[in-house]
Structure formats: C-alpha cells, structure tokens
Amino acid sequence: MSNHPQLESLIQSMSGAEKRYFKMNAPTNRKKGTGQFMKLYDAMVNGRELNKKAGENRAATVGYLYNSILQCLDTFHEKNSVEFKLDRMIRSGVLLFNRGLYKQSMKMLMKAESAAIDQEDYARLQIIYPHLKSLLGIKTDYGSQTIQISQVLDRTLKASEELHLQARLRFIQIKFQQSVAETANITEELVEELNTLVNSTAMNEVGEESSFFSKVTASQIWSQYYMLTNDNEAGLIHGKKVFDLCYSGGELMRDHGKLLVASAHNYMMRCMRARRFDEMLRVLGQLDERSFKDLRVEVVKLETYFSNLLSYYIVSKRFDDDQVLTKADVAVTDSGEKMNQNFLMFIFTLCSIFALYKGELRSAVTWINRFLNHENRHSFAKNLSVAFDFRLLIYYEQGKMDLLETLLKSNDGKEVGFNDFPQVRSIIRDFLLKEVEGSTNKKRNVKAFLKSLSALKKSGEEPAAFDFFPFDEWVSSKLAE
C-alpha cells in the first residue's frame with residue numbers, strides 16, 4: 001500500500017489514453033525542482049516506492065504531481081468535448097476576422113454554425129450569428145460560402161426562439177419538481193397547480209418541428225405528471241417516448257450519455273410496475289449494447305443495467321439465468337469503487353435475493369454479507385435492521401438451526417438505531433424461534449407466519465421492510481412447495 005493513497009487511487013483511475021497524454025503534456029520546471037514528480041509518477045504507475053531525494057520536500061512533490069494530473073485530465077477531456085471544439089472554431093473565426101482574412105473567417109464560422117446546429121447548441125449560435133452579420137457588412141460574396149444578411153437574421157431569430165422555449169420548459173420542469181418536493185401528499189391543490197404547468201403556452205408550443213431537447217424535456221414533464229396523477233398508461237407512453245428519443249439521439253448523446261441512461265431507468269421502472277417485462281427486457285438489451293467513452297457514464301450505465309436486470313428477474317420470477325450473478329460480481333469487482341456506493345449496496349441486496357430464490361443459498365449469504373459489512377452500511381440504517389433478519393431466513397433455508405439459535409439469543413442485528421421495523425422483526429424472529437425450538441406442526445407455524453406478515457403489510461405500517469424483500473410472497477412460495 002502506498003504512503004499516498006489519494007494520489008495512488010487517482011493514478012489507478014486513469015485510462016491508458018489519459019496516462020499517455022499526461023506523460024506527453026505534464027508541466028515540467030526543473031529550475032523549481034519539480035523534475036522529481038515525474039519519477040514519482042513512473043514509480044507509482046509501476047507499483048514501486050521512490051526513495052526520497054536529499055533535500056526533497058516529498059509532500060510538495062506529491063501535491064505538485066496530484067495537481068498536475070488533475071490539470072492534464074481536465075485538458076484531455078475538454079479537448080474531446082464538442083463544446084471545446086465549437087469554442088475553438090468560433091475563436092479561430094474571430095481571430096481570422098480580426099486579421100482581415102474574411103473568406104477564411106467565413107468558412108470557419110459557417111463550419112462552427114453547422115456543428116452547433118447538429119448539437120442544438122442555440123446559445124453558441126447566438127454568438128456565431130453576430131460575427132457572420134459583421135462579415136456580411138464588409139462583403140457579401142464569399143464564393144461557395146455565399147449567404148445573405150436576411151438569412152442570418154432569420155436563423156438568429158429561430159435560434160433565439162428555440163433558446164427561449166428551452167428556457168421556459170426548463171423553468172416549468174424545475175417549478176414542477178419544486179411543487180412536488182414541497183408537498184407531502186398529492187392534494188387537489190397540487191394537481192391543479194401541475195395542470196396549469198403542463199397546459200402552459202410553452203408546453204403547447206412543442207411539436208414535431210421542435211428541437212430534440214425541447215421534445216425530451218416536455219415528455220419528461222408529462223411522464224412525471226401522469227405518474228403523480230396515477231395515469232400509469234399515459235406515463236408509460238411518455239416514458240417510452242423519452243427513451244426512444246434519447247436512444248435515437250445519435251451524436252447528440254455523445255456528451256449527454258447520462259440522459260440516455262436516466263431515460264432507460266425511468267422507463268424500465270414504469271414497465272416493471274405495469275408488468276411489461278418483454279418491453280423491459282428490450283430496453284435492457286439496448287442499454288447493454290450501448291457503450292460510452294465517458295467512464296463516469298459507463299459506470300452509471302453499469303449501476304442502472306444490473307439493478308434493473310436483477311429487479312426484472314426477481315419481479316418476473318424468472319431465475320433461469322445462470323450467469324447473471326457472475327456478471328454482476330465481475331462488474332462490482334471492476335467498477336465498485338467508482339459506483340455510487342448506495343447503488344452498489346442496492347445491487348448487493350438484489351443479488352442476494354436472486355440467489356435465495358434460485359436456491360443458491362451460500363451465494364445469497366455471501367451477497368447479503370457484502371451489504372452488511374460495507375463501510376457505507378450506516379447510511380442504510382433502516383434497511384440494515386431488516387437485512388439481519390433476511391440473513392436469518394437464509395440460514396433457516398440452509399437448515400443451520402444451531403447457528404440460528406445462537407444468533408436469535410444474541411445481539412445479532414440489535415445495534416442501536418437498527419430497529420426501525422420492530423413489528424416485522426418481531427414476527428420473523430418469533431417464527432424462527434418456534435422452528436428452532438422444534439415446532440410440532442411446521443405447516444401451521446408457516447401459515448401463522450404468513451398471516452401475521454399479510455396483516456402487517458395490509459395495515460400499511462412498515463412498508464419499507466416489504467420494499468427491501470417481499471417476505472409475505474416468500475412465505476407463500478414456501479407453502480406452495
């Protein structure tokens with residue numbers, strides 16, 4: 001283990017292309033004694049320690065290397081972004097104009113305009129058009145680049161209108177989210193306020209000729225509206241529309257990959273509620289085949305893909321995939337540190353539930369232990385309390401009665417703050433204690449267990465416990481065996 005864990009983890013996170021770029025472009029200034037930082041970099045890349053040089057301030061070397069890497073990574077990714085390339089073309093066009101090279105300036109700015117239109121970057125078009133107008137004020141004929149001032153004015157107006165529409169739609173979207181966040185329950189007053197928002201002028205202006213992002217934003221608003229008003233079918237239609245728009249977005253999705261992943265997740269959640277499992281499987285397939293150059297987006301895709309794939313299998317009761325747990329293990333091993341840790345823990349629980357239903361009990365214990373032993377487990381305090389009892393049920397399935405008896409009579413899972421579901425936990429532990437003590441009528445005991453769980457679920461108390469694991473459904477499956 002390195003003495004500089006933050007620097008080591010940063011270097012380990014770098015791709016091969018990023019490392020090559022850093023070696024070629026790292027700032028060097030030997031007069032200030034910074035040449036040592038590249039030796040330290042090479043040593044750490046190769047897993048070696050570098051002896052401290054006489055008179056060297058190692059803390060300063062480490063700090064300089066850390067900041068140099070961040071600076072190069074920023075430049076590396078900036079140069080690969082569409083926005084950077086657009087800004088460079090605009091600056092080049094202005095530079096050529098200021099030097100009196102009008103024909104070259106026109107060519108560069110027209111190229112920038114074409115790229116901005118492809119990206120629906122109306123803000124940058126508003127920068128480009130005044131420069132084109134200035135060029136035409138000097139000369140109107142630039143050979144193949146001929147364009148009229150009236151055309152420039154028309155394009156400026158169209159870009160302004162679309163930019164204005166997008167701004168109003170974004171305002172509605174934020175206002176929509178704000179109104180929902182400030183209200184604990186869906187009231188008639190809230191629905192009336194949401195009706196006003198979705199029937200606003202801006203929403204009615206969105207049509208087939210509108211820009212991609214305007215159509216996506218409007219459909220997102222409608223999708224959320226129908227979800228809140230319990231019109232599941234209409235919400236499903238708009239959720240599909242958002243995903244299909246994003247999936248067919250082509251180059252527009254290059255710098256907006258998270259939008260595609262989020263649209264897939266939201267649509268699959270709606271499909272799962274509507275039990276449209278075939279459609280959910282279609283989206284999973286399309287998401288799996290799509291790769292992203294941005295590592296951050298690729299990690300979010302992995303989180304989304306595996307959480308929804310496992311949910312699909314569990315909710316649809318399809319446990320015939322023999323490779324899904326192996327694939328999930330590879331994914332979390334390779335990318336777990338980069339994932340949202342709460343999402344990672346959610347995947348642990350889904351893997352454990354899948355393994356339990358599939359009858360792979362040792363695997364089920366392994367996965368739930370990864371959840372219970374995770375350093376971030378305290379952020380899941382509520383789920384943590386019921387996860388202990390979920391593990392007890394796995395031990396029960398394994399027939400480990402001696403272990404169960406020891407745990408039930410110990411403080412397993414009874415830490416301070418880990419008793420947020422006292423009724424569920426009491427019902428589970430009462431059942432297990434009877435089994436451990438040798439119930440004379442096992443079937444009657446299981447029926448009583450199911451009756452207690454069903455009554456609690458129907459009462460609406462402690463619903464989050466049943467969100468973690470459908471205990472009542474599992475007991476029903478035991479009775480059916």
Side-chain angles (χ1 to χ4, degrees), residues 10-11 13-28 41 64-99 101-135 145 152 155-156 158-160 162-163 166-167 170 211-214 216-217 245-263 290-301 338:
L10 176 61
I11 291 174
S13 74
M14 296 169 72
S15 67
E18 289 170 337
K19 288 176 180 176
R20 287 191 295 273
Y21 183 84
F22 177 71
K23 288 282 286 186
M24 293 175 61
N25 296 277
T28 56
Y41 171 78
Y64 187 83
L65 175 56
Y66 188 86
N67 291 326
S68 297
I69 291 174
L70 288 178
Q71 181 181 345
C72 277
L73 287 175
D74 181 56
T75 306
F76 175 82
H77 289 287
E78 184 183 53
K79 286 185 176 180
N80 284 289
S81 72
V82 175
E83 287 85 357
F84 179 85
K85 292 175 181 177
L86 268 170
D87 288 338
R88 185 173 57 192
M89 283 190 281
I90 294 170
R91 287 195 301 270
S92 296
V94 174
L95 177 65
L96 291 167
F97 175 83
N98 291 335
R99 290 174 175 268
L101 302 172
Y102 302 130
K103 188 172 182 178
Q104 294 177 49
S105 176
M106 173 66 77
K107 184 177 180 180
M108 184 62 68
L109 289 170
M110 292 287 283
K111 184 179 178 182
E113 182 204 23
S114 177
I117 290 172
D118 288 342
Q119 291 298 314
E120 293 194 356
D121 195 334
Y122 297 103
R124 284 181 173 80
L125 284 172
Q126 295 287 66
I127 298 171
I128 293 168
Y129 287 137
H131 293 302
L132 286 177
K133 186 170 176 290
S134 297
L135 275 166
Q145 301 294 330
V152 173
R155 294 177 189 179
T156 305
K158 183 179 179 181
S160 300
E162 192 58 48
L163 195 60
Q166 288 184 6
R170 184 63 181 144
S211 69
F212 169 82
F213 289 110
S214 290
V216 167
T217 304
L245 276 169
C246 291
Y247 189 76
S248 60
E251 272 300 301
L252 282 172
M253 287 296 101
R254 177 178 170 179
D255 283 6
H256 300 280
K258 283 188 178 181
L259 179 60
L260 170 59
V261 176
S263 70
R290 183 65 64 91
S291 60
F292 301 94
K293 291 183 179 179
D294 189 328
L295 178 61
R296 295 164 298 179
V297 179
E298 190 64 27
V299 169
V300 173
K301 187 199 89 169
K338 300 181 183 72

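These numbers were taken from a predicted model, which means no experiment stands behind them.
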Got [X] and [Y] here, is their nearest side-chain heavy-atom distance under 4.5 Å?
X    : Y    : result
Q166 : T217 : no
D118 : S114 : yes
I90  : I127 : yes
V94  : N98  : yes
E83  : R124 : yes
F292 : V300 : no

Quiz item: Side chains of E162 and S214: do they bring a donor and an acceptor to under 3.5 Å?
Solution: yes
Practice problem: Using only heavy-atom distances, determine whether the side chains of S160 and Q126 contain a donor-acceptor pair under 3.5 Å. | Solution: yes
Counting N and O atoms only, with roles assigned by atom type, does the side chain of [X] sit under 3.5 Å from a partner on the main chain of [Y], one being a donor and the other an acceptor?
X    : Y    : answer
E120 : F213 : yes
T75  : Q71  : yes
K301 : R290 : yes

Quiz prompt | Cation-pi geometry met for R155 and Y129 (6.0 Å, 45°) | solution = no
Quiz item: Roughly how far apart are D121 CG and I128 CD1, rounded to 0.5 Å?
Solution: 8.0 Å
Self-check item: Gap between atom CG of L132 and atom CE of M110 - 0.5 Å precision
Solution: 6.5 Å
Quiz item: For G249 and F212, which heavy atoms make the closest approach, and how far apart are they?
Solution: CA-CE1, 4.2 Å
Self-check item: Closest non-hydrogen atom pair between K338 and V299, with its separation
Solution: O-CG1, 3.7 Å
Exercise. Would you please name every residue forming a salt bridge (Lys or Arg N to Asp or Glu O under 4.0 Å) with K133, sequence neighbours left out?
Key: none
